[in-house]
Amino acid sequence: NLGRYNEAEPAARAGLAWMTWLYGQEHIFRAKPLKVLGLVCSYQNRYEEAARHYEEGVQIYANSTGVEHPECLGIMNNLAVIYVLMGQDERAIEMAKTVLKSNRKVHGPDHRATVTSQVALANIYLQQGQYDDAAPLLAEAVEICRGTFAPDHPTTLSALRVQVSNEFSRGGDPAEILAVANDVLAAYEATSANSNDLAQMYAMRAHVRERLGQRDEAMHDMEQALKHAELQRALASGGERERAKQFEDFNLFYGQEMM
């Protein structure tokens with residue numbers, strides 16, 4: 001969580017080796033360190049390696065408790081995200097649908113795990129440009145969050161963040177989108193959210209403000225996005241891609257400003 005991946009990875013590998021030595025290759029106790037190692041790899045943009053660790057963890061559960069075990073569903077949710085990042089969209093959607101269906105069965109519709117998997121599926125649709133498929137999932141998720149979790153709960157903020165992006169992409173009312181983006185950013189700042197979330201939200205709000213013709217405010221937001229992307233980059237190499245995207249967006253705004 002601190003972004004110190006160079007320290008986290010040896011610890012994760014040592015934990016996996018220890019569990020393997022104690023219990024063997026197929027024991028369920030190996031699944032959790034595999035999940036941790038997958039996370040460490042994914043944060044550093046090593047997606048194929050992360051997928052292998054996640055897939056091995058899922059297989060362990062499949063051979064023991066079954067894939068509807070809550071821990072297994074968490075791994076499968078992470079794996080769906082990795083498939084998106086690897087460009088395997090169809091596999092990602094099928095995995096995300098399976099996770100959502102299983103979470104609804106195991107936990108019910110209002111559980112955090114269920115809402116998280118629902119937002120994850122919507123986010124995959126968003127990344128594919130299927131905004132109308134994402135919209136009802138997000139509307140339902142936000143409604144559940146508002147009735148179940150606090151306004152600054154991470155699950156609530158995650159659902160709202162994805163909804164802001166989807167509504168912007170659908171061509172929704174920029175004034176309404178800006179109001180929600182303001183609330184999400186205020187909550188992120190108050191709760192000391194991680195730099196990557198802040199970078200993405202400031203960049204998103206910059207685009208909304210640009211659409212509203214608020215050029216100075218948009219430039220300020222993009223500068224904030226750059227600042228937080230730099231902080232993320234300083235923590236680990238995994239932030240390089242996000243940082244490059246923020247610079248690309250900033251240069252676009254800057255170029256338009258100078259024309």
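Start at 1 with the first residue, then count along the sequence.
Each side-chain hydrogen bond (donor to acceptor under 3.5 Å, both in side chains) pair with one or both residues in residues 174-187, not counting sequence neighbours, appears once here: N182-R205. Pairs engaging residues 111-142 under the ring pair (Phe, Tyr, Trp, His ring centres under 6.0 Å) rule: H107-H111 [sequence neighbours left out]. Among residue pairs with one or both ends in residues 132-145, those qualifying as side-chain hydrogen bond (donor to acceptor under 3.5 Å, both in side chains) are Q118-E140, Q130-D133, D132-R170; sequence neighbours excluded. Pairs engaging residues 27-40 under the side-chain hydrogen bond (donor to acceptor under 3.5 Å, both in side chains) rule: T20-R30, R30-E56 [sequence neighbours left out].
Contact annotation: the side chain of Q214 approaches that of L178 to within less than 4.5 Å [non-hydrogen atoms, C-beta and beyond]. Between L198 and L185, some side-chain heavy-atom pair lies under the 4.5 Å cut-off. Under the 4.5 Å side-chain criterion, counting only non-hydrogen atoms from C-beta, M76 is in contact with L73.
Here M95 contributes atom CE and N77 contributes atom CG; the two are 10.0 Å apart, rounded to the nearest 0.5 Å.
T156 places no side-chain N or O within donor-acceptor distance of the main-chain N or O of D152, the cut-off being under 3.5 Å.
Across all non-hydrogen atoms, the minimal contact from A159 to V119 is CB-CG2, 3.7 Å. Nearest heavy-atom pair across V164 and A181 is CG2-N, 4.1 Å. Of all heavy-atom pairs spanning P33 and G15, the tightest one is CB-C, 4.2 Å.
With sequence neighbours excluded, no residue forms a ring-ring contact (aromatic ring centres under 6.0 Å, His included) with F168. Residues passing the side-chain hydrogen bond (donor to acceptor under 3.5 Å, both in side chains) test with E189, sequence neighbours excluded: Y202. With sequence neighbours excluded, no residue forms a side-chain hydrogen bond (donor to acceptor under 3.5 Å, both in side chains) with E217. Judged as a side-chain hydrogen bond (donor to acceptor under 3.5 Å, both in side chains), and not counting sequence neighbours, E71 has no contacts. Residues that satisfy the salt bridge (charged side-chain N to carboxylate O under 4.0 Å, His left out) test with R13, not counting sequence neighbours, are E9, E49. A51 pairs by the side-chain contact (heavy atoms from CB on, under 4.5 Å) definition with E55, L79, I82, M86, not counting sequence neighbours. Residues satisfying the side-chain hydrogen bond (donor to acceptor under 3.5 Å, both in side chains) test with Q128, not counting sequence neighbours, are D89. Scored by the ring-ring contact (aromatic ring centres under 6.0 Å, His included) test, Y188 finds no partners at all (sequence neighbours excluded).
Side-chain polar atoms of R112 and T155 form a donor-acceptor pair below 3.5 angstrom. No side-chain donor-acceptor contact under 3.5 Å links D110 and T148.
Annotation: H220, atom NE2; neighbour count of heavy atoms from other residues, nucleotides and ligands within 6.0 Å does not exceed 12.
The only option from V36, I75, L37 that meets the side-chain contact (heavy atoms from CB on, under 4.5 Å) definition with H53 turns out to be L37.
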